[in-house]
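Taking it in order: structure first as structure tokens, then the write-up.
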Amino acid sequence: MVCRRRHLSPRTEDSYRSWIKQFIYFHGKRHPNTMGEREVESFLNHLASERHLSASSQTQALNALVFLYDSVLHQPLGEMTGLKRVQRRQRIPVVLSREEVKAILEQMTGVVRLMAELIYGSGLRVNECMTLRVKDIDFSGGVLNVRSGKGGKDRTTLLPERLHAPIKQQLLRVAEQHKHDLSHGAGLAPLPSALARKYPSASTSLAWQFVFPSAVLRPWGESGRFARWHASDSTVQRAFQVARDRAGIHKHASVHTLRHSFATHLLASGTDIRTIQLLLGHRSLQTTMIYTHVIEVTRGVASPFDNL
């Protein structure tokens with residue numbers, strides 16, 4: 001309930017719940033009320049020294065426990081002088097060339113291909129693609145409106161002209177399915193926060209339906225009426241991995257690599273870094289700057305071996 005009041009994302013809520021559960025089990029199922037800084041410190045050091053987790057994972061666990069003690073138990077943690085923080089490493093993201101992107105996409109078909117094309121063409125995170133609503137697509141302006149992205153931020157990004165026709169076809173399929181659902185007493189789309197109470201009829205409108213809906217209906221809310229959520233992230237993730245292998249691409253690339261490739265290819269074509277930051281929805285320009293390392297190190301430099 002505290003997570004909901006703070007408007008934390010469902011993913012953050014699930015992550016915090018998992019870390020708190022691991023913390024409790026690590027200390028023999030003791031209640032957090034009976035523990036404090038020393039036990040938290042011991043658990044976090046275990047994650048670093050025994051489980052060899054990354055700096056981001058350890059930080060996530062720390063944030064979950066700070067949230068538990070500060071916001072739920074109202075017993076703020078004191079200073080943890082013995083905490084061993086994992087050293088954060090600066091890693092260059094895996095990037096696919098334009099030819100590799102094309103080769104992988106050609107191995108994909110149907111809706112999963114459209115998902116992957118949209119992730120690459122608009123620089124979306126996978127979950128941002130899955131949670132797109134019909135109302136978020138602006139064909140006349142050639143843009144997508146991303147709602148509640150990472151950090152709860154809204155932003156606008158590109159809608160590739162080549163995808164206008166395929167997306168319109170997808171929206172026709174969504175409209176047909178929505179009409180069928182309504183005729184069978186369903187047709188709801190889950191709404192964020194308290195919008196369902198503020199706008200009772202919005203959940204049955206086509207505008208609020210997901211662009212990539214789930215194949216199944218599930219009960220939603222107190223009414224128990226059936227709603228159609230968005231497709232699972234794993235739908236496109238699995239399809240991408242199969243396509244990558246079929247294309248003979250041996251890079252350690254996931255579907256998220258398409259977002260990295262979007263940024264790197266824009267940068268290589270002369271788009272300024274500030275614009276790319278806005279399109280990606282990065283809070284800090286420093287985060288976006290990592291893509292400059294991908295292309296600047298070898299740009300215009302020839303190996304001396306080639307001159308032998």
Exercise. With distance as the sole test, does Ser261 use its side chain to make a donor-acceptor pair with the main-chain N or O of Thr257 at under 3.5 Å?
Worked result: yes
For this session: Could you tell me whether a side-chain N or O of Ser49 sits under 3.5 Å from a main-chain N or O of Asn45, the two making a donor and an acceptor?
Result: yes
Exercise. Just wondering, more than 12 heavy atoms not from Phe26 lying within 6.0 Å of its CZ?
Worked result: yes
For this session: Begin from the C-alpha positions of Ser15 and Gln60 and carry the test side chain to side chain donor-acceptor pair (under 3.5 Å) through to its verdict.
Result: CA-CA 8 Å; Ser15 173; Gln60 191 179 67; 3.1 Å; yes
For this session: Would you tell me whether Asp138 and Ser140 have side-chain atoms, one donor and one acceptor, within less than 3.5 Å of each other?
Result: yes
Problem set entry | His180 atom NE2, neighbour heavy-atom count above 12 within 6.0 Å | no
For this session: Would you confirm whether Gln241, through its side chain, and Arg238, through its main-chain N or O, come within 3.5 Å as a donor-acceptor pair?
Result: no
Exercise. Regarding Ser54 and Gln58, is there a side-chain donor-to-acceptor distance under 3.5 Å anywhere?
Worked result: no
For this session: Spell out, as yes or no, whether a donor-acceptor pair under 3.5 Å connects the side chain of Gln75 to the backbone of Asp70.
Result: no
For this session: Verify whether one side chain among Tyr69 and His74 offers a donor that lies under 3.5 Å from an acceptor in the other.
Result: no
For this session: Decide whether a cation-pi geometry holds between Arg133 and Phe210; the criteria are a distance under 6.0 Å from NZ or CZ to the six-membered ring centre and an angle within 45° of the ring axis.
Result: yes
For this session: Determine yes or no for a side-chain-to-main-chain donor-acceptor pair under 3.5 angstrom, with Arg244 supplying the side chain and Ser254 the backbone.
Result: no
Problem set entry | Salt-bridge contact Arg30-Glu39 (side-chain N to carboxylate O under 4.0 Å) | yes
Exercise. In this structure, are over 12 heavy atoms from other groups packed under 6.0 Å from Arg38 atom CZ?
Worked result: no
